[in-house]
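Within every chain, numbering begins at 1; the chains are lettered A, B, ... in the order of the sequence lines, protein sequences first and strands thereafter.
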Protein chains: 2
Amino acid sequence: MDHPDIEQKLGGRGEEEQETRERILLAARQLMAQKGYKGATTRKISELAGVNEVTVFRHFKNKVGILTELLKEIMDVREQLEQGLQGEFADLKEMLVSYARTYYGLLVERKEIFMICMIEADNHPEVVQMFSSLPMTAVQVLSNKLLAFQEQGHLPKADPFTAALMFVSTFFYAFMAKYRVNLDLEMVEEELFENASEILLQGISGLK
Amino acid sequence: MDHPDIEQKLGGRGEEEQETRERILLAARQLMAQKGYKGATTRKISELAGVNEVTVFRHFKNKVGILTELLKEIMDVREQLEQGLQGEFADLKEMLVSYARTYYGLLVERKEIFMICMIEADNHPEVVQMFSSLPMTAVQVLSNKLLAFQEQGHLPKADPFTAALMFVSTFFYAFMAKYRVNLDLEMVEEELFENASEILLQGISGLK
DNA sequence: GTACCAAGCAAGTAATTACTTGCATCTCAT
DNA sequence: ATGAGATGCAAGTAATTACTTGCTTGGTAC
């Protein structure tokens, strides 16, 4: 009998435990993103998760506990953005397109969490702390990369911070339009990445 | 005695009537922008307005009535944007800077209402209807103007829609960062207008 | 089979919230 | 002075909400 309790926890029951818990998290994420923290009542959450309301409180100390758990999903954003810039790129445009893809994908993957943060920004200290540094992270990471290019002499003039801000803003706006306001951009995302990268590099009055 | 009732309404009592009503609207606007519709309880609104809670319901049929009233403030956005493009401009850059100023100013002026719309986008049909067309309005107006320039031969290649999207997004993002996330952009707005306009026109790799 | 543990179910509780009613007060135009 | 209209105040109501308690059921490990 060597530590049968541990085996038991991980093996036997663990599976279903997690299943329920994650169904609750999934439901909460969806509802909070749509209706806000207050609008996502524990009752609605339990119903959407297909469990009894009591079960929700068996898995989480209280409602805030659910929110806190959800917020953990956006802690590693900076790292992921920086990793996306590690590889080798044929040229600057390639890099920009790749960065756009990474950033936009990151937003879409975690769209519910970001929505919750947007909505709840003022109400929950937990959200504020976690979210406040985030909007500028993507700008900073790109800004630094551009600055490095400049210092290598591959890139003339122009404020890299403003450039990064413009670039990142574009995809954030597109993301918000699509997933918050349900607006049709009438443009394939990949096409947007291309066009935006080109404009950022050449401008629209470029003499060609 | 020719219509003394009308005189009375507009003159005598009207003044204070409006004062109270607008103090309520002001409070509601502030609170809803910060805490969302649900978070802005009628009690808090009345307290912030410095009136009795009952008075709120004497002025508005119900809570939704307050929201509906507030939303009227963003109905004329498109017109204002187009008006901002009417004047004569020395060059394209002047026009862009001016447009940026108009658009950003418009956001700041109505910041609370826009926040309410962002937050409540999913919950209230009134908001959806009023707000859904708005994010792209600023893009379209600018996009059309750019297209006109192109057709006059003053502007080569480049997708005007993407360009307009990039431009507008930038100031929206800056606006959100400042007023929703309380982030310091470390940049004077006017400077941002200048830089962004320049980058949109010339790009960052412009051979000069 | 028995002990355990997750989950369901029924019921309840204290607080909050939108909204109402009735009455008193104050101001002001006539 | 008088009447009207705007506001305050006290009290209440019905619904909702986060959260609890006690008991039962059903599956799995030994």
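Side-chain N/O atoms of A:Thr42 include none lying less than 4.0 angstrom from OP1 or OP2 on D:dT17. Neither OP1 nor OP2 of D:dA6 sits under 4.0 Å from any side-chain N or O of B:Thr20. Under 4.0 angstrom from either OP1 or OP2 of D:dT7 there lies at least one side-chain N or O belonging to B:His59. Applying the 4.0 Å criterion to OP1 and OP2 of D:dA6, one finds that B:Thr55 has every side-chain N and O outside that range.
Using a 4.0 Å heavy-atom criterion, one finds that B:Val51 contacts the sugar-phosphate atoms exclusively.
A salt bridge links B:Asp122 to A:Arg180: at least one charged side-chain nitrogen sits closer than 4.0 Å to a carboxylate oxygen. Between A:Arg21 and A:Glu69 there is a salt bridge, with a side-chain nitrogen of the basic residue lying less than 4.0 Å from a carboxylate oxygen of the acidic one.
Figure legend: cation-pi geometry between B:Lys63 and B:Tyr37, with NZ or CZ positioned under 6.0 Å from the six-membered ring centre and within 45° of its axis.
Listed nucleotides D:dC23, C:dT17, D:dA18 differ in distance to A:Arg58; the shortest reach to its side chain belongs to D:dC23.
Atom CD1 of A:Ile24 is separated from atom C1' of C:dG8 by 13 Å (rounded to the nearest Å). Rounded to a whole Å, the NZ atom of A:Lys44 is 17 Å from the P atom of D:dA15. The separation between B:Asn52 atom CG and D:dG12 atom P is 16 Å, rounded to whole Å. B:Glu22 places its CD atom 18 Å from the C1' atom of D:dT7, with the value rounded to the nearest Å. Here D:dA10 presents its P atom at 12 Å from CZ of B:Arg43, a figure rounded to the nearest Å. Residue B:Phe57 contributes atom CZ, which lies 9 Å from atom C1' of C:dT17 at whole-angstrom precision. Rounding to whole angstrom units, CD of residue A:Glu53 and C1' of C:dT13 are separated by 13 Å. Straight-line distance from the CD1 atom of A:Ile66 to the C1' atom of D:dC19: 12 Å, rounded to whole Å.
Along DNA chain D, the nucleotide nearest A:Thr41 and the nucleotide nearest A:Lys61 are compared for position; the residue whose nucleotide lies closer to the 5' end is A:Thr41.
Residues A:Phe172 and A:Tyr103 keep their aromatic ring centres 6.0 Å or farther apart.
Other residues, nucleotides and ligands place more than 12 heavy atoms under 6.0 Å from the CZ atom of A:Arg78.
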